[in-house]
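Whatever order the structure lists ligands and atoms in, that order sets their numbers, starting from 1.
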Amino acid sequence: MASLSSFLCRATQCHKTFVKRWLLVQASGQNVASSANFCQSAALAEHSLQTLTSHSECSCHVQWQPRTRHFHSSSRHLSREVEFTDVRYGVRRLAFSTVTKEDLKFLESLLPDRAVTDPDLLEASNVDWLRTVRGRSQLLLRPRNTEEVSQILRYCNDRNLAVNPQGGNTGLVGGSVPVFDEIIISTAQMNSIIDFNPNSGVLICQSGCILENLNGYLEAQDFIMPLDLGAKGSCHIGGNLATNAGGLRLLRYGSLHGTVLGLEAVLADGTVLNCLAPLRKDNTGYDLKQLFIGAEGTLGIITAVSILCPRKPRSVNLALLGCDRFDQILSIFNQCKGMLGEILSAFEFLDQSCREVVQEHLKLANPLQEKPFYILVETSGSNANHDQEKLNQFLEEVMTSGLVAEGTVATEERKIKALWGLREGITEALSHDGYIYKYDISLPLEKIYDIVVDMRERLGDKAKRVVGYGHIGDGNLHLNIVSPAHDHQLLAAIEPYVRRISFITVNPRRRCRSCIKPGWG
Ligand SMILES: O=C(O)CC[C@@H](O)C(=O)O
């Protein structure tokens, strides 16, 4: 294997000469064939929960929906209404070649029936899940294995053709679709499980496997994926790695930088880099795989993954708690870590505005009284009695100390899913609310919500809605701002303000470049 310096050198060179506009990602390419409508698949299920206070003893019914984010089935015709990215942002195409008849002939011979030029199918791959960006690709390739990916990239590199890797196309920041006419390389047909070892818990699979399918496969063997996301019904594991997706279980199982043991990737010139070790401890040489986790496709296309999977917990509980102030959430989190310890598996929060949008667009009712903030605390362990005893003690403590105003607990899978729906439905609900400006920010916990309050004040009624939710356990806030339609002026009021405030919050002693720009004080 090449040394790190020569590898970096090569990777950088590729990036400069070829992958410049690789918008990157494996993120979430859309699975053209599967387009179940999220809302249509929702079913009404009774939601009778063990209650903590008399308030929630009323007949609470929450509409149940699967914890998945699928591509909207209705999106194909709507895709045509999305403004082209290059028009909206005035970006200029660089001097890459365009696909010729000869190129098409070669690529069709390489991938018989898997070089898609049908404009309807392409339309769905040119537009992102949120329908905020749109490319003009005229060719979608669907390789089945690493060798085919390698041949495609070698050819495209020689011909100076730009490419755009695509996984499940569930990404929320426009990284999974082309900007111009890049050739889309989908991982959808690279969806085989290569090996699972129940002794080590190591799963090896191709990068186009859908996260939920992997979890289903593992659950049958008493294991689970260490990663859980709202988009699990469509997102590909390769896209999860490429974007270093965190999700709901990060607090418990850590980030992909820890759980991914190895990967295989194809570099822009077609070279296959095999770092697919299934070893938990591997001290041999440089840990090259780490470079690809979160690289968003800029260094190569991830084609296979080796990942460490935990045992399926025997007992899971989920509590939804309502509280009045954000600082109470932090006190509850501290109590929670101390009292629940090793069984704590998720600690998520949402504000009232999130809850309202979920009710408005997904018709998911609030099982609690209206509160400014809500928390979801999940425990996962191996002994139901032990776990419930710990959880009850914790709940008693936070209720008697007045930190929590009211709450409700679910222990059955169906009810747990219903409660999770309130948190996982936020992204979907917001997508029905208008055009969304999304910021995924990591901040010191004490300050994490200040930016939402600031932004509300700053934007006033220029924004339809400003919401904050996210992963308290990871210090990760989702700041989402909604307007009726894309609005350049509103965007200018949000940025670079949001970057400046985030920078100052994280680095109080350093000067932010955008702080010294005229007009920014
Ligand atoms: O909608 C978002 O901005 C984040 C989506 C996802 O990361 C989540 O945590 O629900």
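Here Arg314 does not pair with Asp387 in a salt bridge; the nearest charged N to carboxylate O distance is not below 4.0 Å. Of the charged side-chain nitrogens involved, none lies within less than 4.0 Å of a carboxylate oxygen, so that Asp454 and Arg456 do not count as a salt-bridged pair.
The shortest separation from a heavy atom of Arg423 to ligand 1 is under 4.0 Å, placing the residue in contact. Heavy atoms of Tyr469 approach ligand 1 to within less than 4.0 angstrom. Residue His471 places a heavy atom less than 4.0 Å from ligand 1.
For Leu172, every heavy-atom contact with ligand 1 shorter than 4.0 Å involves the side chain, none the backbone. Neither the backbone nor the side chain of Ile426 has any atom closer than 4.0 Å to an atom of ligand 1 (non-hydrogen atoms only).
Asp474 is linked by a salt bridge (charged side-chain N to carboxylate O under 4.0 Å, His left out) to nothing, counting only residues two or more places apart in sequence or in another chain. Residues satisfying the salt bridge (charged side-chain N to carboxylate O under 4.0 Å, His left out) test with Glu356, not counting sequence neighbours, are none.
For Phe347 and Phe349, the ring centers sit 6.0 Å or farther from each other.
Those atoms of ligand 1 with a heavy atom of Lys438 less than 4.0 angstrom away are 1 (O), 2 (C), 3 (O).
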